[in-house]
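See structure below.
None of the values given here were measured: they were computed from a predicted structure. Lettering of chains follows the sequences in order, A, B, ..., and the numbering in each one begins at 1.
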Amino acid sequence: MEKMCADEVPLTASSSEKQETVCIFGTGDFGKSLGFKMLQCGYSVVFGSRNPQVSSLLPRGAEVLSYSNAALKSDVIILAMRREHYEVLTELVDSLNGKILVDVSNNLKINQYPESNAEYLAQLVPGANVVKAFNTISAWALQSGTLDASRQVFVCGNDSKAKHRVMDIARTLGLTPLDQGSLVAANEIENYPLQLFPMWRLPFYLSSVLCVFFFVYCAIREVIYPYVNAKTDATFRLVISIPNRVFPITALTLLALVYLPGVLAAILQLYRGTKYSRFPNWLDHWMLCRKQLGLVALGFAFLHVIYTLVIPIRYYVRWRLKNGTITQVLANKDSPFSTSTAWLNDSYLALGILGFFLFLLLGITSLPSVSNMVNWREFRFVQSKLGYLTLILCTAHTLVYGGKRFLSPGILRWSLPSAYVLALIIPCSVLVMKFILIMPCIDKILMRIRQGWERNSQYSKSALNGKSDI
Amino acid sequence: MEKMCADEVPLTASSSEKQETVCIFGTGDFGKSLGFKMLQCGYSVVFGSRNPQVSSLLPRGAEVLSYSNAALKSDVIILAMRREHYEVLTELVDSLNGKILVDVSNNLKINQYPESNAEYLAQLVPGANVVKAFNTISAWALQSGTLDASRQVFVCGNDSKAKHRVMDIARTLGLTPLDQGSLVAANEIENYPLQLFPMWRLPFYLSSVLCVFFFVYCAIREVIYPYVNAKTDATFRLVISIPNRVFPITALTLLALVYLPGVLAAILQLYRGTKYSRFPNWLDHWMLCRKQLGLVALGFAFLHVIYTLVIPIRYYVRWRLKNGTITQVLANKDSPFSTSTAWLNDSYLALGILGFFLFLLLGITSLPSVSNMVNWREFRFVQSKLGYLTLILCTAHTLVYGGKRFLSPGILRWSLPSAYVLALIIPCSVLVMKFILIMPCIDKILMRIRQGWERNSQYSKSALNGKSDI
Amino acid sequence: MEKMCADEVPLTASSSEKQETVCIFGTGDFGKSLGFKMLQCGYSVVFGSRNPQVSSLLPRGAEVLSYSNAALKSDVIILAMRREHYEVLTELVDSLNGKILVDVSNNLKINQYPESNAEYLAQLVPGANVVKAFNTISAWALQSGTLDASRQVFVCGNDSKAKHRVMDIARTLGLTPLDQGSLVAANEIENYPLQLFPMWRLPFYLSSVLCVFFFVYCAIREVIYPYVNAKTDATFRLVISIPNRVFPITALTLLALVYLPGVLAAILQLYRGTKYSRFPNWLDHWMLCRKQLGLVALGFAFLHVIYTLVIPIRYYVRWRLKNGTITQVLANKDSPFSTSTAWLNDSYLALGILGFFLFLLLGITSLPSVSNMVNWREFRFVQSKLGYLTLILCTAHTLVYGGKRFLSPGILRWSLPSAYVLALIIPCSVLVMKFILIMPCIDKILMRIRQGWERNSQYSKSALNGKSDI
């Protein structure tokens, strides 16, 4: 547990003399926290500071020296200072020669400077081996010992020995270093901590648009229409009744949109006769955020489930039930039990429950720790077979919900059909296209293309090549 | 994040000359993808191909040479070709001498060949150090950068230096190498990607059998019986009512089956008087898939919860409620409030809810990332103490559900008792046996056996030995 | 998958001669299991035993020798024996000189001995390099191959080479070694497996106290009061109705207590004018177990949701509904539909559902594997922004639930207000304080303090220092 490394007293006191020494330039918050953690994990730490005398509150057991003196103590120097302050290092170029300089800095905006901080540093101190690392780790997390957020340390640098040295340090601190290649990657690594869910953006905007559209659509049909036609105040429907139409529609549409790019890609491959030409960018991006799309859809499905289960508790529903009974008693009318209605009603509930259950399974298997335990065959089985089964069940749930009244003209208001009719368009199209694609004659061609066969390859030599290779 | 390493342009262009070179034989899909990923992560890549001229669409920055020329460039050669094509390497035996050959191949069927591909390769090129690796990684995942499924790379080989070299490469690519020992393990590693949830098979079959049996049983009692006796059409009960009997029964039985093997093992140890004789194979297998059994049980319990919560929305239930009220009004009968019924009804609901809640907790702690954070004492506390509490609560839920009508003869139809009565047999037996096992006199003997004491050991020297060792 | 390494036959038979040899002293349960695992993963294993002849049931492929002979075979010796038995090693001091001794022992109680077992060992055999490791791994897990609980191996030792050697072994066995520094850390490492959810203790006691208090409070108001006043037997309310008041109250209070320490810390920083003085210990501890507090709150919220959804199935509720209808029919009274009641009722349900949904999201992102995928900005966004939104929604849910009858005097019983009124005190206070803290004028000062600025620093040199450092 992390608690372990987070205890009060650094353990250096009684350690033997075999310790490695690391130097940290800068006594700011991050520098102090990193030094604290390193002392705990058995390093001896020397701080470099402009004003060694006034630096206060440094972790117990650390030494503070001037920059140049500190640089002599270790061949790994961690620069816990802002980029704006790097010029100070130009005076130390000689003492930094051959050292490993670890750039931990971040910027305030994405692509703030023309070149990354680490590359700028490498230009300033050409004799040193610059390694970018630790910029994704927070001072607070280091200090408190609870690394709840990412333990991943992205590392890049042009010298692989220097890089491995820094990765070893990260590992000793209980972090997970990930080699990102040469220093060119520093730009991306510096942008990473400034990102806010980049892969979730498309699903978020898409679902917002869908929600707003269907909310307005339903509000017109169910609030404005009765008000205009009969002066009925049905505004309270905006709170639960209408959201409970919007959420399932959004969920079903998003779920269908998870499987649409795969279908489009297959059609494109069939049309082009090869798998070796790149997909258009939009399709690539769409395919990469399918998981996020699916999880957003699951969220809406979950809301739909709770909104539905809450129905019998609602005042409106109870009132209507009570009033219905009273009216019937007073009218002395008989309402015989209809087996077909019971069948339809139960089927649509059961289909919805089973669909939601499979959907939850899909969500659980997309948890990183779970998906990391399964092999590719299992992952594909779950995400493709179970995924399509979910889509089929949820589409059937909506179809049976419509049931008898599906296209009865009475359901049109201002010639607008019920919202769920619109919701069925994309899922049904995806299912039909998929059904065509898995027909044996088409599936066979697709399989060959996916194994590297090309329809129009010159002399088909390359295809021959592909046959023995994997 | 994975996005990082998945970007458009390989970063080699500006890298320094200190890069390591890796050679890949074969320009198929997997070879290309692996080369692409390696370029991104800072390697320089040389492809070996039969027809270097026609190999198209290779990642930018990679060189393509003939096999023999490519082999000269690096001492690590990754063979991205099918086993059927390995004979080509016999011509290159000299240039492959002393090289590390990485076998990444997979087969189409489990145990397709008498020996594993890697061992076959080691026989073909006896001078090379063959290492099996990367066969669990998919080309698509390498190319797209999203390694959603397993990042685990199983590595085996007879030369530990070669193995460590390959493991370092895997680590650099952001994967998790796992040393599996000598090349004999290659067979298992090659079978791994072909497996489809091997540990889930027993729970799956078991629950299918239970479901089908109880479904038919309930259908006879609740659909066929009323039809034969009273010509009532109750077929709509097949959709929700009957599944909502089958699911909880299956869940409770499976949950009891999670704890049964532990009880059986304890009885066996008591009977044998030692813990050092192996359990029968079926018991071993059963014990290893307890987690999966429990998770399947949780799935059924979840379905039971939703099927139950959906009850008041059902047409049939609403119709009955309404009709009951109307009948009562017309008959002018009084139905006084029964506190004991309220107690029984509320207790059975509360027991079920609490049981399900603990069950969910058990499920959450069995997530790999959660169970990895707790120590053994905590894990055992949750899985054993909380587990038995769950079993007790769920059994009590079923018992109280039965309540007064438990063994009243009116409940028999064609002398078949209610299904839930059958469901109680295994859970109650497990609880009774466990109760006997934790009685102090028996528990003490069991503890001693589990700490290594043997009842019938010769001269009990070995037992003495065991006392000071752990 | 773990299954891989867990197979029947150790793979040594056919391995080459390049294997590393490891020596294990002690043939107890743990020693055997570890030896078995090591053989599987390609090591050759030599057991040291007092009575090499009688040691039975050792894994196939392992050798058994006397202590002194076994020690000659390897420079890594794993001591699988109890601390009480360590004196035996004093006779072997010469043969253990320069060896790596791995202490895997655990104690029965926390801080059982004045010094840790590993330090005691280091005193007994001063010439050896003692490394503490493997004490968190269970024999059963090693043997069965399913490492469901922690794979983390905490390693400490004064000699870093010896430590790295042991960490390599751990990695080869598929475990995750974590360097914990010098041998002083052994004490903590030995206490770790004896802990039982230390961070969950405060949340557990706190929620127990809250539950008991509110349970008694509600029981007085809803069971004892009607009994005393009207001799009504409402005891059945103890089962579902009252818990369904206690759970949401506890959940809301705990959720507010998650955000209270952050607010208090901000006030303390504002008051002190610096971030560099330590918080009081109770505040530190409180802040470190916020995640656990939140998860316990989520548990109670979940119970509240199910207890609420189950309402329409309850006998009591159905009886009341039926009776209400009948009474109304017989009285021939009209109950007109109240749009404002529908609004209030639906709003409070919708707020509760949305609050619970966000709460679930918070819970999911606190799963280790999920929180490990996000960067700090994203983690803070979720845990702070979404967290406060959850608190606001849940507080509003309770406020709207109160609705009109909030402070009507009729609601007082024995001058006790409804329980939910008490439940609102802490959440509302936290929200008000937070609202004050985020007002621009105060927020600006707080931001400067958190970036290292100090109000009363001498000459403010240190502050200046902090400006260029991070």
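C/Y315 places a side-chain N or O within 3.5 Å of a backbone atom of B/S338 that can act as its donor or acceptor partner. Between the side chain of B/R377 and the main chain of C/L194, a donor-acceptor pair closer than 3.5 Å is present.
Note that CG of C/D233 is 9.0 Å distant from CH2 of B/W343, once rounded to the nearest 0.5 Å. Atom CG of C/L309 sits about 11.5 Å away from atom OG1 of B/T308, to the nearest 0.5 Å. Atom CD1 in C/I313 sits 9.0 Å away from atom CG in B/N345 (nearest 0.5 Å). For the atom pair C/L196 CG and B/F381 CZ, the distance stands at 5.5 Å (nearest 0.5 Å).
Counting heavy atoms from C-beta outward, C/R318 and B/V317 have side chains that approach closer than 4.5 Å. Taking 4.5 Å as the limit, every side-chain heavy atom of C/P193 sits out of range of all side-chain heavy atoms of B/E378. In this structure the side chain of C/L303 reaches within 4.5 angstrom of the side chain of B/L354, judged on heavy atoms. A heavy-atom distance below 4.5 Å is found between the side chains of B/I353 and C/Y307. Under the 4.5 Å side-chain criterion, counting only non-hydrogen atoms from C-beta, C/T136 is not in contact with B/N375.
Across B/G352, B/S347, B/P312, B/A342, the residue that shares the most heavy-atom pairs under 4.5 angstrom with chain C is B/A342. Note: B/L349 leads B/I311, B/D284, B/L349 in heavy-atom pairs under 4.5 Å with chain C.
Of all the heavy atoms in C/P368 and B/V370, the pair that sits closest is CD-CG2, 4.1 Å. Considering every non-hydrogen atom in both B/A350 and C/V239, the closest pair reads CB-CG1, 3.7 Å. The two residues B/G324 and C/K322 come nearest to each other via the heavy atoms C-CE, 4.3 Å.
Heavy-atom distances place the side chain of C/L321, and not its backbone, under 4.5 Å from chain B. In this structure, chain C has a heavy atom under 4.5 Å from the side chain of B/F356, while its backbone stays farther away. Contacts of B/L360 with chain C are made by side-chain atoms alone, with heavy-atom separations under 4.5 Å and no backbone atom involved. For C/N323, the part sitting under 4.5 Å from any heavy atom of chain B is the side chain, from C-beta outward, and nothing else. For a residue to count as touching a neighbouring chain, one of its non-hydrogen atoms must lie under 4.5 Å from one of that chain's; by this rule C/V310 touches chain B with backbone and side chain alike. For a residue to count as touching a neighbouring chain, one of its non-hydrogen atoms must lie under 4.5 Å from one of that chain's; by this rule C/F302 touches chain B with the side chain only.
With ring centers used as reference points, B/F337 lies under 6.0 Å from C/F236.
Listed by chain and number, the residues in a side-chain hydrogen bond (donor to acceptor under 3.5 Å, both in side chains) with B/Q292 amount to none (sequence neighbours excluded). With sequence neighbours excluded, the residues satisfying side-chain hydrogen bond (donor to acceptor under 3.5 Å, both in side chains) with C/R237 are C/E222.
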